[in-house]
A.B. asks: 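Got a structure for you, questions after.
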Amino acid sequence: MIPKGLFTQIGMVIISVAIIITYVKPAFSDIGEVQSQIEAYQKQNEQVEAVNQKLRTLVSRMDNTPTRDEERLYTYMPDSVDSIHIPRDLYLIVKQAGLLYRDVTYAKVQNYRVPTDPRTGQPLNMPKPHSFSLSVEGTYNQVKTFLTLLEQNNYPFEIHDLSIKRIDGGFLSADFEIMTYEYMSSEISS
């Protein structure tokens with residue numbers, strides 16, 4: 001015959017195993033999930049802190065930028081392109097290079113579409129191009145000087161088309177298509 005104490009011990013072991021299976025094991029699983037979430041949160045928190053630190057550094061650099069540099073940046077990439085100032089500046093560069101100024105005209109950029117973000121469809125804040133056609137005459141060295149001065153100018157001038165022809169007296173006739181940019185999308189009044 002089996003003593004009563006043995007049934008009690010076997011019953012207690014069965015109840016203990018049942019408690020472990022039904023309560024303790026799920027509690028450990030829940031604790032493991034919580035710990036995984038805490039680790040993920042800590043990693044995300046570290047990434048956010050790194051981004052915030054970089055942002056603080058950039059804001060500090062921006063705040064310490066001299067006013068003159070801010071003015072230069074605004075001149076280099078203005079919010080709008082002035083259809084009078086650009087031709088005037090091109091004229092002054094032509095005269096400084098010693099070239100004979102013929103003509104400058106503003107020509108709207110054909111087929112320009114504001115780029116959009118493929119994910120959202122919202123327009124991107126990209127520089128908008130503006131085209132100016134310039135005609136000058138002079139010597140080879142004067143044209144070279146003009147190109148050097150154009151490169152050293154405050155505006156972001158790009159030469160997109162250049163046609164040079166030899167004319168009488170050893171002089172050259174040069175026709176330029178010059179592009180410049182504005183940061184915001186606004187129309188130029190011609």
A.B. asks: A side-chain contact here means heavy atoms from C-beta on lying under 4.5 Å apart; do Ile86 and Tyr106 qualify?
C.D. replies: no

A.B. asks: Do any side-chain atoms of residues 87-101 form donor-acceptor pairs under 3.5 angstrom with protein atoms, and if so which ones, sequence neighbours left out?
C.D. replies:
from, atom 1, to, atom 2, distance (Å)
Asp89, OD2, Tyr155, OH, 2.9

A.B. asks: Could you give the distance from CE (Met179) to CD1 (Ile159), rounded to the nearest 0.5 Å?
C.D. replies: 12.5 Å

A.B. asks: Val17: which residues meet the side-chain contact (heavy atoms from CB on, under 4.5 Å) condition with it, sequence neighbours left out?
C.D. replies: Val13, Ile21

A.B. asks: Nearest 0.5 Å, what's the CG-OG1 distance between Leu150 and Thr145?
C.D. replies: 12.0 Å

A.B. asks: Can you name the residues that form a salt bridge (charged side-chain N to carboxylate O under 4.0 Å, His left out) with Arg56, not counting sequence neighbours?
C.D. replies: Glu49

A.B. asks: Could you tell me the separation between the CG atom of Asn52 and the OG1 atom of Thr57, rounded to the nearest 0.5 Å?
C.D. replies: 10.5 Å

A.B. asks: Phe171: which residues meet the ring pair (Phe, Tyr, Trp, His ring centres under 6.0 Å) condition with it, sequence neighbours left out?
C.D. replies: none

A.B. asks: Who pairs with Glu151 by side-chain contact (heavy atoms from CB on, under 4.5 Å), at least two apart in sequence or on another chain?
C.D. replies: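 For Glu151 there are no side-chain contact (heavy atoms from CB on, under 4.5 Å) partners, ignoring immediate neighbours.
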
A.B. asks: Who passes salt bridge (charged side-chain N to carboxylate O under 4.0 Å, His left out) against Arg61, sequence neighbours left out?
C.D. replies: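 If we apply the salt bridge (charged side-chain N to carboxylate O under 4.0 Å, His left out) test to Arg61, skipping adjacent residues, there are no hits.
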
A.B. asks: To the nearest 0.5 angstrom, please state how far the CD atom of Gln35 sits from the CD atom of Gln37.
C.D. replies: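 Going from CD on Gln35 over to CD on Gln37, the span is 11.0 Å.
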
A.B. asks: Please tell me if the side chains of Lys144 and Tyr140 come closer than 4.5 Å, counting only heavy atoms from C-beta onward.
C.D. replies: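 Yes. Closest side-chain heavy atoms under 4.5 Å.
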
A.B. asks: What residues form a side-chain hydrogen bond (donor to acceptor under 3.5 Å, both in side chains) with Ser16, not counting sequence neighbours?
C.D. replies: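 Testing Ser16 for side-chain hydrogen bond (donor to acceptor under 3.5 Å, both in side chains), a comparison that skips the adjacent residues, returns none.
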
A.B. asks: Working to the nearest 0.5 angstrom, can you tell me the gap between Glu158 CD and Ser131 OG?
C.D. replies: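 Spacing of CD (Glu158) from OG (Ser131) equals 11.0 Å.
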
A.B. asks: With clusters built from Ile, Leu, Val, Met, Phe, Trp and Tyr whose side-chain heavy atoms come within less than 4.5 Å, directly or transitively, what are the remaining members of the cluster of Leu55, listed by chain and number?
C.D. replies: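 Val59, all in the cluster of Leu55.
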
A.B. asks: Check salt bridge (charged side-chain N to carboxylate O under 4.0 Å, His left out) between Arg102 and all other residues, then give those that pass, not counting sequence neighbours.
C.D. replies: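 Checked Arg102 against salt bridge (charged side-chain N to carboxylate O under 4.0 Å, His left out); matches are Glu137.
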
A.B. asks: Which heavy atom of Thr139 sits nearest to which heavy atom of Leu172, and what is that distance?
C.D. replies: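 Smallest interatomic distance, heavy atoms only, reads C-CD1, 4.4 Å.
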
A.B. asks: With sequence neighbours left out, write down each residue that passes side-chain contact (heavy atoms from CB on, under 4.5 Å) with Ser163, or none if nothing qualifies.
C.D. replies: Lys165, Asp175

A.B. asks: Suppose clustering is done on Ile, Leu, Val, Met, Phe, Trp and Tyr with side-chain heavy atoms closer than 4.5 Å. Which residues sit in the same group as Ile38?
C.D. replies: Val34

